[in-house]
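Report on one structure; see the data block that follows.
Note that the coordinates shown come from a computational prediction; the quantities given were computed from them, not determined experimentally. Throughout, protein chains are lettered first and strands after them, A, B, ... in sequence-line order, and every chain is numbered starting at 1.
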2 protein chains.
Amino acid sequence: MGAEVKQTILNRLIGGIDAMSPRLRLAAKYIVDNQSAFGIDPIRTSADKAGVSANTFVRLADRLGFDGFDDLREPFRVSLLERYDGSAGEAWLDDLSHAGAFAADHARTLRNEMDIVKQSLRLLTPHKAEAAAALLTEARNAYVTATRSSYALAYYFHYVARMSLPHVHLIPRHMGSPVDEMVSVEPSDVLMAITFPPYSADTIDALRLARRSGMKVILLSDSELIAPAIQADLFLKVSVQSHHSFSCYAGAMAVLDSLLHHIVTRGGKAAELRISRYQSLREDFGAYWRAKLPRLRRE
Amino acid sequence: MGAEVKQTILNRLIGGIDAMSPRLRLAAKYIVDNQSAFGIDPIRTSADKAGVSANTFVRLADRLGFDGFDDLREPFRVSLLERYDGSAGEAWLDDLSHAGAFAADHARTLRNEMDIVKQSLRLLTPHKAEAAAALLTEARNAYVTATRSSYALAYYFHYVARMSLPHVHLIPRHMGSPVDEMVSVEPSDVLMAITFPPYSADTIDALRLARRSGMKVILLSDSELIAPAIQADLFLKVSVQSHHSFSCYAGAMAVLDSLLHHIVTRGGKAAELRISRYQSLREDFGAYWRAKLPRLRRE
DNA sequence: GCCTGCAAAGAACATATGTTCTGAAATCGC
DNA sequence: GCGATTTCAGAACATATGTTCTTTGCAGGC
């Protein structure tokens with residue numbers, strides 16, 4: 001009952017947003033993006049978060065034909081109640097399991113994803129996380145390598161990490177083998193390798209070269225035993241098991257997210273500043289909604 | 001974070017209820033029984049529903065050591081906001097929270113990762129998953145696009161999907177804008193765009209072009225409202241919130257993993273075969289341990 | 001019986017919240 | 001360009017909300 005009303009409002013907000021004035025758009029977008037927060041916050045809080053004034057929300061409510069702001073917020077309040085009560089625990093997954101063949105199969109994959117994420121994060125002890133962050137931060141140069149599908153993970157990690165640590169490099173940069181770009185490594189460098197079965201020969205070569213060069217080695221994989229005569233200084237185990245023939249990388253991504261957090265935290269104010277400079281640089285391009293508005297950010 | 005505090009309060013309420021006066025008991029029981037309602041209702045409403053006076057709740061808050069009623073209700077509010085206390089009650093995480101400053105911070109990030117993964121997967125209903133798989137499978141050509149850090153996600157998705165569906169293309173392939181590679185799109189094609197704030201102008205352009213071309217559009221993002229005049233045929237919402245200035249992609253990755261599963265499943269025997277052919281092709285290169293070993297595959 | 005101590009409700013108060021009003025700034029139309 | 005219109009924020013206002021104060025009622029002790 002309440003959920004329908006809410007959906008109707010959302011549809012009207014989405015459908016009518018192109019015909020709205022800039023501030024009304026911001027307010028509408030805020031509601032669509034933060035439905036739960038909008039349900040509980042008082043009008044001024046929502047206004048601050050959305051970057052508009054309080055009475056912009058009043059005007060939005062009026063424009064939508066409501067008697068007042070409260071009438072607009074009410075459906076979001078009750079939907080918050082309904083949804084929460086219905087979703088306590090893992091009931092939603094169990095329900096899915098009994099909602100037909102496709103849903104049951106779907107539920108199995110979702111459960112698997114959550115399991116590998118939990119399992120991977122569990123294995124990332126604070127000690128290991130701290131050690132990894134320290135190794136990467138204090139290295140002269142830190143090389144991140146991977147190939148094929150795990151290259152995506154390395155790409156992401158490098159993309160974010162380099163904002164905080166300019167001495168992080170992704171190899172191979174384009175084509176070719178990672179060893180080609182390791183000609184001038186030194187013992188004060190670090191190699192972080194990411195590989196999953198079937199393990200890449202290129203990555204294994206890079207690991208071997210790193211060992212010979214006396215570099216520190218961080219290995220992110222599902223097994224510590226990748227190939228003979230390979231040992232990592234720090235092994236980060238992640239779970240990638242799946243029901244099909246290829247791996248699931250959600251666990252690995254969660255571990256990388258977590259490492260990035262520590263790297264940025266270690267970087268302190270300077271790192272934060274560098275990242276926000278990247279951000280603002282990019283916003284000059286993709287600034288559609290925020291167009292010419294002052295960026296009011298909470299906290 | 002909020003979920004823990006709430007749980008602590010509940011435990012204290014339940015544990016201490018025998019030592020309370022009759023009215024305080026009523027109030028305590030009401031909180032335990034109606035956690036969500038207690039989170040949003042003002043004090044007088046809760047008082048009416050519980051059958052006590054307003055200041056009984058004030059006294060209860062005082063007795064529990066809070067500075068005021070608001071402090072008592074706050075954890076219930078935020079837990080309502082977090083929609084899903086995915087990580088509540090994980091003993092190993094709770095232990096971490098009390099093992100020093102670094103471990104506590106670490107635990108916070110792990111909890112966040114698990115929550116966004118759960119939240120994202122919850123939003124991926126079987127209906128949406130099936131629709132996405134169908135759109136991608138039945139398209140003449142399917143284009144996957146993203147830029148900057150989310151390019152990693154698109155890269156991964158394309159890498160695996162194309163084994164099952166050869167008509168999936170990653171754009172932009174190297175440099176340049178995705179629109180450059182959309183010159184010959186047709187209404188029977190599909191565009192799957194992945195973008196997170198700050199939204200990329202290139203991706204938005206691609207979405208606009210897709211709309212004009214009559215293509216079907218799948219949008220994987222944190223918001224349905226990316227830019228004006230953009231609407232997706234299928235919107236897959238994922239949670240990327242984090243405690244720092246950049247997004248966490250574990251939830252997005254879990255959703256992609258899940259979609260890939262359905263795509264491969266839909267592909268049937270033919271797809272499985274194609275994938276294992278890729279696998280064996282790669283193993284000829286990277287076959288170190290496996291060389292003379294039987295391939296043990298779980299399940 | 002009277003007093004003390006506690007529990008509880010209701011009234012009184014200060015603050016927070018939604019709403020309205022006003023004037024300034026931006027935008028549009030000509 | 002310049003006036004008309006729209007959009008918007010800040011102040012002013014009435015109501016709602018949390019808190020405090022006061023009073024009442026009820027036990028138990030001397």
Side-chain angles (χ1 to χ4, degrees), chain A residues 9 13 16-31 34 36-78 80 287-298, chain B residues 9 13 16-31 34 36-78 80-81 228:
Chain A
I9 297 175
L13 285 173
I17 201 159
D18 288 330
M20 290 183 190
S21 63
R23 301 313 245 215
L24 283 182
R25 272 185 201 174
L26 277 180
K29 176 171 161 58
Y30 175 80
I31 296 177
N34 311 308
S36 343
F38 179 69
I40 45 169
D41 286 334
I43 191 170
R44 277 176 236 265
T45 307
S46 292
D48 279 352
K49 289 184 183 174
V52 299
S53 79
N55 70 12
T56 300
F57 275 103
V58 176
R59 281 200 305 275
L60 183 62
D62 183 52
R63 185 197 175 93
L64 292 173
F66 291 98
D67 280 347
F69 177 77
D70 282 323
D71 289 352
L72 165 62
R73 185 177 50 187
E74 187 57 21
F76 292 85
R77 277 197 130 102
V78 303
L80 206 52
Y288 277 83
W289 290 110
R290 320 232 159 180
K292 302 164 194 165
L293 300 170
R295 289 232 305 137
L296 296 181
R297 262 273 152 268
R298 58 235 138 168
Chain B
I9 297 176
L13 285 174
I17 204 162
D18 288 333
M20 292 181 188
S21 64
R23 299 287 165 157
L24 283 182
R25 270 187 209 173
L26 276 181
K29 176 172 163 51
Y30 175 79
I31 296 178
N34 309 291
S36 359
F38 178 70
I40 42 170
D41 286 334
I43 191 169
R44 278 177 236 264
T45 308
S46 292
D48 281 351
K49 289 186 184 172
V52 298
S53 82
N55 69 12
T56 300
F57 275 105
V58 175
R59 281 201 305 276
L60 182 62
D62 185 50
R63 185 198 177 94
L64 291 173
F66 291 97
D67 278 347
F69 177 77
D70 281 325
D71 289 352
L72 165 61
R73 186 178 48 188
E74 186 59 19
F76 293 85
R77 277 200 130 103
V78 306
L80 211 49
L81 246 186

Whole-Å gap separating P (C:dG18) and CG (A:Asp62): 16 Å
Which residues in residues 64-71 of chain B have a heavy atom closer than 4.0 Å to any atom of DNA chain D? B:Gly68, B:Phe69, B:Asp70
Figure out the CZ/P separation between A:Arg59 and D:dT6, and round it to whole Å. 13 Å
Please test B:Leu60 against B:Ile31 for side-chain contact (heavy atoms from CB on, under 4.5 Å), starting from the C-alpha separation and ending with a verdict. CA-CA 11 Å; B:Leu60 182 62; B:Ile31 296 178; 3.8 Å; yes
If I take atom CZ in residue B:Phe57 and atom C1' in nucleotide D:dT20, what distance separates them, rounded to the nearest angstrom? 18 Å
Please check the phosphate of D:dG18 (OP1 and OP2 only) for any side-chain N or O of B:Arg73 closer than 4.0 Å. yes
Rounded to the Å, how far apart are A:Arg63 CZ and C:dT19 P? 18 Å
What integer distance in Å separates A:Leu72:CG from C:dT17:P? 17 Å
Starting at CG of A:Asp48 and ending at C1' of D:dG10, how long is that distance when rounded to a whole Å? 13 Å
Check the phosphate of C:dC6 against B:Ser21, side-chain N and O only, distance under 4.0 Å to OP1 or OP2. Yes or no? no
Report yes if some heavy atom in the side chain of B:Tyr30 is under 4.5 Å from a heavy atom in the side chain of B:Thr56; otherwise report no. no
Quickly work out the A:Asp41 CG to C:dG18 C1' distance and round it to whole Å. 15 Å
Here the gap from A:Leu64 atom CG to A:Phe69 atom CZ, rounded to the nearest 0.5 Å, amounts to 11.5 Å
Take B:Arg44 and A:Met20, find for each the nucleotide of DNA chain D with the closest heavy atom, and name the residue whose nucleotide sits nearer the 5' end. A:Met20
Suppose we call a contact any N or O donor and acceptor under 3.5 Å apart; does that hold for the side chain of A:Asn55 and the base of D:dG10? yes
Verify the contact: side-chain N or O of A:Thr56 to OP1 or OP2 of D:dA9, cut-off strictly under 4.0 Å; return yes or no. yes
A:Phe76: partners by ring-ring contact (aromatic ring centres under 6.0 Å, His included), with sequence neighbours left out: A:Phe38
Given C:dT17, D:dA9, C:dA8, identify the nucleotide with an atom nearest to the side chain of B:Pro22. C:dA8
pair A:Arg63-A:Leu24: side-chain heavy atoms closer than 4.5 Å: yes
Rounded interatomic separation in angstrom, taking CG from B:Leu24 and C1' from C:dA9: 13 Å
Heavy-atom check, side chain of A:Arg73 versus side chain of A:Asp70, under 4.5 Å: yes
To the nearest 0.5 Å, tell me how far A:Asn55 CG sits from A:Arg44 CZ. 10.0 Å
